[in-house]
Amino acid sequence: MQRAIALVDCNNFYVSCERLFQPKLEGKPVVVLSNNDGCVVSCSREIKELGIKIGTPWFQLRDIARQYGIVSFSSNYTLYADLSNRVMSLLSQFSPDQEVYSIDESFLDLTGIPGRHGDYGQQIRVTIRRCVGIPVCIGIAPSKTLAKLANHIAKKQTMYRGVCNFNAMVAAELDSLLSGIEVGEVWGIGRRITSRLKMMGIHTVLDLKRAPAKRIRAEFGVVTERTAAELNGECCLELEGVTSPRQQIICSRSFGSLLSSLSDLEQAVIAYVSRAAEKLRSERSVAGGIQVYIRTNPHRERDPQYRQSILMALSSPTDNTRLLCHAALTGLRQIYRTGFSYQKAGVMLTEILPASARPRSLFDDIDAQQRSASLMSTLDRINRRMGSGTMQLLGEGLRKDWAMKRGSLSQRCTTEWGELPSVQALVECRNGKRHE
DNA sequence: TCTGGGGTCCTAGGACCC
DNA sequence: TCTGGGGTCCTAGGACCC
C-alpha cells in the first residue's frame, strides 16, 4: 500500500493567532516580532506582497510601516502555545499516528485511511477553521519531504484550495510541478547547500530528484542523500510519535539594553537558569552539566567584541535551581571581563537524564535531597497556579533593568482570567468572521 | 539607537588504546 | 633512510529546522 503522509501547517501562524481576537485586522498588513521587538518572525500575506522577508530587523521597516499602516505585535508565546495545543489535539483525531513537528506543524499518517485523501484534507481544514479559527494548508505525499513540498504548493497555488495531494497525480504532472520549484525550498536544503548545488547545475527540485545518489552522498553526506531519496518517493524519515526527552535545554535572551556590570549579568543568568531548571523538572529530568555564555553585540562593529562560554560539570546530576545557579555563577565569574557592553547571555543544561536514572552515591545526603525536591515542587506549583514568576530567587533582582522589551504585546486571551476578552469584543470577533 | 530563541544531527579531527 | 593499522570516544563546529 502506498504511504500517505500529510503535513498540516498553520498559515502565518502567529499573525493568525493575533487576528483571531482582532478580526478587523483581516486583510491588513500585520507582523509579529521576535523578543525585544527585534526582527519580523511572522508576517501576513499583505506583508509578503510588499516584499518584506521573515528575519528583517524591525527598525529597518519603520518608514515603510508608517507608509502602509503595518500593525506590529510583540510575540505572545503564551497565546500561541495555547492555540497550538488546541490545533494539535484536534488533529490527533484524524489519524492514529501523529507527529507534532513544531508549534504550527504536524505530520499525520493517512496510510490505510479509506476514501479520497484530498477530501479528507478538506475536512481537516474546515474542522480546524471552525473549532479553533486558524487557517491551515495540507500537503499529502509518500514521504515527509514530499509532503512538505506539497504543502508549499497548497499555500502558493490557490487552485488547490489549501490541500495538495501528490499521491493523486501521475508522474509527469508531479515532475512538472517539481521542476517549477527552486531546490532551496526543499526541507533540509539550506542556504549553503543550495549555493553548492547550483554550482553543480542543480537548480530545481526535479534536478535534485534526478541527481545520481552516489554523487550527492559524496558531495554532501548521508543527510542530503536521504533527502534526495525522499524526493523519489522513498520514505526514509518515519513519523516520530512520542517525543523523546530533550538532550539539552537552552535559555538565552538578548537584554533590553546593553549591560556592563557583573551584578546585572548575574541577575540575568539566575533568571535564565531558573527558567531552564523549571523546564528540566517539568520533564522529570536532571542535568549533569551547565554551560554559560555571554557576548557583546556583534552588529556594533566599532565596539570592542568579546564572547566566551564555559561548561561547568556538576558533582552529581541535579534539578535544583539553587545548585544549578551556583555552578552557573561560578562559571560566569570566570569568563566575565570588565570593559565590555554585553548584549546577550545564555545557559544550556547538558548531560540530561531521567531523574529516576540519577546515579546514587554513598555520600548523598538523602534528607537534604528530599527537602530540596519538596522546595522545588512547591515553587513550581505556585508558579503554575499563580502565574510564571510569582515566586523567584531574589538573585534575579526586582527591577530587572535588563529585561527584554515587548512594546506591543497582546492579551493572553485564552489562558489568563484577567485578560479574557470582553463580551463586546467577542461579539465583534463573531461579526468580523461573518463578513469573511 | 534598534538585528530572536531553541533545538537536532552529522562530521572531522584529536587523543588515546592495543 | 625507512616509522602500521584499526578502533573508540570526545569535542567543536557546521548545517539545518521552525
Side-chain angles (χ1 to χ4, degrees), chain A residues 7-10 12-14 31-43 52-63 65 72-77 80-81 84 99-107 144-145 148 151-152 183-197 217-227 236-237 240 243-258 268 272 275-276 279-280 283 289 291 293 295-303 307 309-311 313 341 343-352 404-407:
Chain A
L7 174 70
V8 184
D9 191 325
C10 302
N12 321 324
F13 183 54
Y14 298 166
V31 295
V32 174
L33 305 174
S34 63
N35 282 344
N36 274 316
D37 297 340
C39 304
V40 172
V41 289
S42 175
C43 45
I52 294 171
K53 296 256 166 13
I54 293 211
T56 312
W58 178 232
F59 73 88
Q60 288 176 1
L61 298 174
R62 283 284 147 79
D63 289 341
S72 68
F73 289 94
S74 306
S75 31
N76 182 348
Y77 285 105
Y80 311 150
S84 168
E99 174 187 344
V100 177
Y101 177 68
S102 74
I103 193 165
D104 69 337
E105 280 173 82
S106 177
F107 289 103
K144 284 169 133 183
T145 306
K148 278 270 199 182
N151 191 289
H152 172 79
V183 71
E185 293 291 340
V186 176
W187 189 39
I189 306 294
R191 264 208 335 270
R192 298 296 174 101
I193 295 182
T194 301
S195 69
R196 283 168 60 201
L197 281 170
R217 170 71 184 249
E219 282 287 328
F220 303 100
V222 60
V223 181
T224 309
E225 184 193 24
R226 236 179 261 151
T227 297
C236 307
L237 307 167
E240 288 161 31
T243 45
S244 38
R246 277 181 285 197
Q247 296 166 33
Q248 51 183 229
I249 292 174
I250 295 175
C251 183
S252 70
R253 283 193 190 23
S254 308
F255 310 125
S257 52
L258 298 178
Y272 300 168
R275 295 298 92 73
K279 262 190 241 171
L280 184 70
E283 304 206 339
Q291 190 176 346
Y293 83 89
R295 71 160 165 78
T296 51
N297 185 347
H299 297 286
R300 291 169 68 121
E301 285 166 11
R302 281 183 313 217
D303 286 8
R307 62 187 302 161
S309 74
I310 187 169
L311 176 63
S341 297
Q343 185 222 14
K344 184 174 180 178
V347 300
M348 180 162 98
L349 303 179
T350 61
E351 292 161 58
I352 290 176
M404 65 183 176
K405 287 181 285 202
R406 295 204 285 181

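Order of the sequence lines sets the chain letters (A, B, ...), proteins ahead of strands, with each chain counted from 1.
- Rounded to an integer number of Å, the gap from OH of A:Tyr77 to C1' of B:dG7 is 13 Å.
- Atom CZ of A:Phe255 is separated from atom C1' of B:dC2 by 16 Å (rounded to the nearest Å).
- Nearest nucleotide to the side chain of A:Ile250, out of B:dG6, C:dC17, B:dT11: B:dG6.
- Whole-Å rounding puts the A:Ile193 CD1 to B:dC9 P distance at 17 Å.
- Rounding to whole angstrom units, CD of residue A:Gln247 and C1' of B:dG6 are separated by 14 Å.
- Residue A:Glu105 is in sugar-phosphate contact alone, with no base atom involved, counting any heavy-atom pair closer than 4.0 Å across all strands shown.
- In this model, the phosphate group of B:dG6 is approached by a side-chain N or O of A:Ser252 to a distance below 4.0 Å at OP1 or OP2.
- Contact annotation: A:Ser75 side-chain N/O to B:dG4 OP1/OP2 distance is not under 4.0 Å.
- Between C:dA15 and A:Arg192, a contact under 4.0 Å exists linking OP1 or OP2 to a side-chain N or O.
- Rounded to an integer number of Å, the gap from OH of A:Tyr101 to P of B:dG6 is 17 Å.
- Environment of CZ in A:Arg196: crowded, with over 12 heavy atoms of neighbouring residues, nucleotides or ligands closer than 6.0 Å.
- The distance between atom CD of A:Gln343 and atom P of B:dC2, rounded to the nearest whole Å, is 9 Å.
- For B:dC2 and C:dC18, the C1' atoms lie 24 Å apart once the distance is rounded to whole Å.
- Residue contacts shown for A:Arg300 are limited to sugar-phosphate atoms, with no base heavy atom under 4.0 Å away.
- In this structure a side-chain-to-backbone donor-acceptor pair under 3.5 Å is missing from A:Arg307 to A:Thr296.
- A donor-acceptor pair under 3.5 Å links the side-chain atoms of A:Asn36 to the main chain of A:Ser254, judged by distance alone.
- For A:Arg226 and B:dC9, the shortest distance from a side-chain N or O to OP1 or OP2 is not below 4.0 Å.
- Candidate nucleotides B:dG4, C:dC18, B:dG7 were compared by shortest atom distance to the side chain of A:Ile249, and B:dG7 ranks first.
- Phosphate contact (OP1/OP2 of C:dC16, side-chain N/O of A:Arg191, threshold under 4.0 Å): absent.
- Residue whose closest nucleotide on DNA chain B sits further toward the 5' end, between A:Arg217 and A:Arg62: A:Arg62.
- Within 4.0 Å (heavy atoms only), A:Lys344 reaches sugar-phosphate atoms of the nucleic acid but no base atom.
- The residue among A:Asn36 and A:Gly221 whose nearest nucleotide of DNA chain B is located toward the 5' end is A:Asn36.
- One can place CZ of A:Arg275 at 19 Å from C1' of B:dG7, the figure rounded to the nearest angstrom.
- Within the 4.0 angstrom heavy-atom criterion, no nucleotide atom of any strand lies near A:Leu33.
- A:Ser252 places no side-chain N or O within 3.5 Å of a backbone atom of A:Ala345 that could act as its donor or acceptor partner.
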**Request:** Apply the test side chain to side chain contact (heavy atoms under 4.5 Å, CB included) to residues A:Arg300 and A:Gln343: give CA-CA distance (whole Å), side-chain angles for both, the deciding distance (0.1 Å), then the verdict.
**Result:** CA-CA 10 Å; A:Arg300 291 169 68 121; A:Gln343 185 222 14; over 6 Å; no
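- Using a 4.0 Å heavy-atom criterion, one finds that A:Trp58 contacts no nucleic acid atom at all.
- Under the 30°/60° scheme for interplanar angles, the aromatic rings of A:Tyr101 and A:Trp187 are found to stand perpendicular.
- No engagement by A:Ile103 is indicated, since no non-hydrogen atom pair under 4.0 Å with the nucleic acid exists.
- The distance between atom CD1 of A:Ile310 and atom P of C:dA12, rounded to the nearest whole Å, is 12 Å.
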